[in-house]
Amino acid sequence: MGKTLFDKIWDSHVVSEIPDGPSILYIDRQFIHEVTSPQAFTGLENRGRSVFRPAQITATADHNIPTMDQHLPIKEQLSAFQVQKLKDNCARHGITYYGLGDEFNGIVHVIGPELGYTQPGMTIVCGDSHTSTHGAFGAVAFGVGTSEVEMVFASQCIMQPKPKRMRITINGDLGKGVTSKDLILYVLSKLTASGATGYFIEYAGTAITNMSMEARMTVCNMSIELGARGGLIAPDEKTFAYVKGRKYAPQGADFDVALEKWKQLYSDADAKFDKEFTFDANDIVPMITYGTNPGLGMKISDSIPSLDSIDSASKETFKKALDYMGFVPEQSLLGKEIDWVFVGSCTNGRIEDFRLLAQVLKGRKKAPHVNTYIVPGSYLVAQQIKEEGIDKILADAGVELRQPGCSSCLAMNEDKVPPGKYCVATSNRNFEGRQGPGARTILASPLTAAAAIVTGKITDPREFL
Amino acid sequence: MPIEKFIKTVSRAVPIPIEEIDTDQIIPARFLKATDKIGFGNNLFRDWRYDATNKPIATFPLNNPKYSGTILVGGKNFGCGSSREHAAWAIADYGFKVVVSSFFADIFKNNVLNNGVLPVQISDAFLAEIFAQIEKDPNTEFEVDLQKQTITIMATGKSESFDINAYKKDCLLNGYDDIDYLISKLPEIEAFEKRV
């Protein structure tokens, strides 16, 4: 019987298997950042050890940094200490570190692909659940805890039970104004926030293969919101063209050798998946969330489900979510006034996302009452925003462009949404307090976020296209 | 470096009958600025436990004196969301030895296991029974026996078994940790690197 793409990559990285236990899985690349690595360095040093394969580890500061005045010392003392600690740890262990102001600094899942570290067929981990983003390149990439970060420091391996295989196939064409973010929010609304727990997803179908690499990254990024260990897409010509010529991608003859291997990375026709779902891209329209997990989403013109439609065991949780959001069952959210808009994050902080934003904002103005956090995913994205004149479009619309970082996705820095305020966000999580204590997050695509900037309300972006 | 052994515990339990409890609730992001593993228990469930003026919210189970014990019981899909191991550190630091739910998120499950806290996954029906039993009598004790892989409601004797792979079970029973194990395998790992 044939093998799935996931099995091909996983199996070729197993050093050994423990009977009725996890595999020792070899990791090709580990990304680290300031928040989930310090305790791993301390643990390693307490064992009297140094990093086993420092050349296979890449560090960036992104989670806990300001997105204004990055040339100045970080004001918040604990944040400054944490970032300094990463810099010192990397220097001591010989790890490449992209600090604040570095031309290659940015969100870990934006810079990995950008710099060519992320390549088809790799195993990739990071102490961050959105590591699944790198799966867009046909890599087995997933988030890990700090103990596992330390395992990779010590041995370039982790102990990991093998997940089951799921395939999600989406055929057909996405309509005008419908983005890859809408596609993954749609899948989430169908499968729920635990629909893929225990599985590794392969996304397939023409709606996926027709996507750009950046759009694919948005889809794979939110695999974790389905509970999946990760999600990947078979690499194709688009993937190879994206990787070719990037700073840390194989160069010259090495690239050709790599390419031959990468071309073998697909699920065999007779490969068996433990679970399969199929959706039709024509059913997908702009999506928004109404609750406090990413599975609680709906078509932008739909109404929140009625209480009767919810399982009795889940009713309390559903009511709690709506209470927090200040919504009621059966409410329609079109035209609902919002207060903030956040465009950025590892989900939607790449150049194509800013092009979508600019497409709507060009020649229009921000609604006066709306506050914004507009945050590029990296310095390279920020650079391209300037080169394409998107910065001018934003300035003309009355919208301020900030500096790269995770920003208001998790609001560890100052980029918080005040209690009770509504924020349309292009990020990945609408959990209670995610954007600051009491903040109310509505997840959406960059187009829907842009429409909300203009109208100050939940608005179908197709009105502006 | 050995982790704390887990063999068996008999204790009362603290119920949080909410589904989809994500790690942002267990430990909010603003408390992730520490560079050590100490003291996270103070901020466990911070925004459900305290109001905006830092006053304890009396109705939240951790603040309700009728509930106590080293067993935390939560609704399904417990620990979803962020991979932050700080959530496991907060649960362990607060004093919990066991987390019971009908469904755990994958990364969270690995994280608690790596910190000597046992995730006990049971059926939806038994979870409902446990919540009902605690509601009826918060003094009810539960026995969690790792050797036998069972959780028992002491008052009724009703019991259910739970899964754990043999390797992780052995680690917890003996206090072994994965990192020591991997370090012992370095020659094999180096051989693998040469092979591929």
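Below, read A as the first sequence line, B as the second, and so on, with proteins coming before strands; counting in each chain starts at 1. Just so it is clear, the values below take in all heavy atoms, side chains as well, and ignore hydrogens, waters and symmetry mates.
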Q: Need one label for A/Ile24: side chain, backbone, both or neither, based on atoms under 4.5 Å from any heavy atom in chain B.
A: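 Contact with chain B involves the side chain of A/Ile24 alone.
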
Q: Take atom CG in B/Asp163; do more than 12 heavy atoms of anything else shown fall under 6.0 Å from it?
A: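 Counting neighbours around CG of B/Asp163, 12 or fewer heavy atoms of other residues, nucleotides or ligands fall under 6.0 Å, so no.
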
Q: Using the ring of each side chain (for Trp, its six-membered ring), is B/Trp89 parallel, tilted or perpendicular to B/Phe40, with breaks at 30° and 60°?
A: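 Aromatic pair B/Trp89/B/Phe40 classed tilted.
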
Q: Which region of A/Phe142, side chain (C-beta onward) or backbone (N, CA, C, O), has a non-hydrogen atom less than 4.5 Å from a non-hydrogen atom of chain B, or is it both or neither?
A: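 Neither part; nothing is under 4.5 Å.
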
Q: Determine, stepwise, if the pair B/Gln147 / B/Lys8 fulfils side-chain contact (heavy atoms from CB on, under 4.5 Å).
A: CA-CA 8 Å; B/Gln147 194 70 58; B/Lys8 186 161 124 171; over 6 Å; no

Q: I would like to know whether A/Thr441 and A/Arg429 meet side-chain contact (heavy atoms from CB on, under 4.5 Å); could you show each step before the answer?
A: CA-CA 8 Å; A/Thr441 303; A/Arg429 289 185 174 138; over 6 Å; no

Q: Between B/Gln133 and B/Lys158, does any side-chain donor sit less than 3.5 Å from a side-chain acceptor?
A: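 No donor-acceptor contact under 3.5 Å links the two side chains.
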
Q: Would you tell me whether B/Glu85 and B/Asn115 have side-chain atoms, one donor and one acceptor, within less than 3.5 Å of each other?
A: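 There is such a pair between these side chains.
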
Q: As an exercise: rank A/His13, A/His130, A/Lys85, A/Met151 by heavy-atom pairs under 4.5 Å with chain B and give me the winner.
A: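 Sorted descending by pairs with chain B, the first entry is A/Met151.
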
Q: Taking side chain as everything from C-beta outward and backbone as N, CA, C, O, which of these in A/Glu316 sits under 4.5 Å from a heavy atom of chain B? Side chain, backbone, both or neither.
A: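 Neither part; nothing is under 4.5 Å.
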
Q: Please look at A/Phe52 and chain B and tell me whether the side chain, the backbone, both or neither of the residue comes under 4.5 angstrom of a heavy atom of that chain.
A: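 Just its side chain gets close to chain B.
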
Q: With chain B, which of A/Ala228, A/Ala411, A/Ser16, A/Gly227 has the greatest number of heavy-atom pairs at distances under 4.5 Å?
A: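 When all of A/Ala228, A/Ala411, A/Ser16, A/Gly227 are compared, A/Ser16 has the most.
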
Q: Based on non-hydrogen pairs under 4.5 Å, which of A/Asn64, A/Thr36, A/Leu410, A/Leu78 is most in contact with chain B?
A: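 Greatest number of close heavy-atom pairs with chain B: A/Asn64.
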
